[in-house]
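This report refers to the structure that appears directly beneath it.
Start at 1 with the first residue, then count along the sequence.
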Amino acid sequence: YNLAIFTSEFPNRAATYLMRDIQSLHAAGLKLLIVSSRPIKKKEWSYIPDWFVENVDADIIYINPLIKGFYMLHKPKLKRE
């Protein structure tokens, strides 16, 4: 990875500024690691723009602060309906 982004929750519906920043980092050719301190809610993926789902090379990690360790999740393949 070229850059790790730490956030309290990802994905979420209020991530517009974060998504804008991620788009710029992606345009610069960076591979991203997104680290969320809250569990990943798959239903929130509907708020993430299509360009992220289709193009961004990023992995997402959820770090549980109560349990030492982490869970690696790869960005799911989503299709818009």
A side-chain contact here means heavy atoms from C-beta on lying under 4.5 Å apart; do [X] and [Y] qualify?
{"X": "K41", "Y": "N12", "answer": "no"}
{"X": "D21", "Y": "I5", "answer": "no"}
{"X": "W51", "Y": "I22", "answer": "yes"}

Open item on the list: So, taking the atom named CG in L18 and the one named CG in L25, what distance separates them when rounded to the nearest 0.5 Å?
Closed with: 9.0 Å

TODO: Quick one: pull up CG in L32 and CZ in F52 and give me the separation to the nearest 0.5 Å.
DONE: 7.5 Å

For residues [X] and [Y], report the shortest heavy-atom separation together with the two atoms involved.
{"X": "F10", "Y": "S36", "result": "N-OG, 3.4 Å"}
{"X": "N2", "Y": "G29", "result": "OD1-O, 4.1 Å"}
{"X": "R13", "Y": "E44", "result": "N-OE1, 3.4 Å"}

Task: Test item: D59 side-chain N/O and L33 main-chain N/O as donor-acceptor pair under 3.5 Å - done: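 Checking the backbone N and O of L33 against the side chain of D59, no donor-acceptor pair under 3.5 Å is found.
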
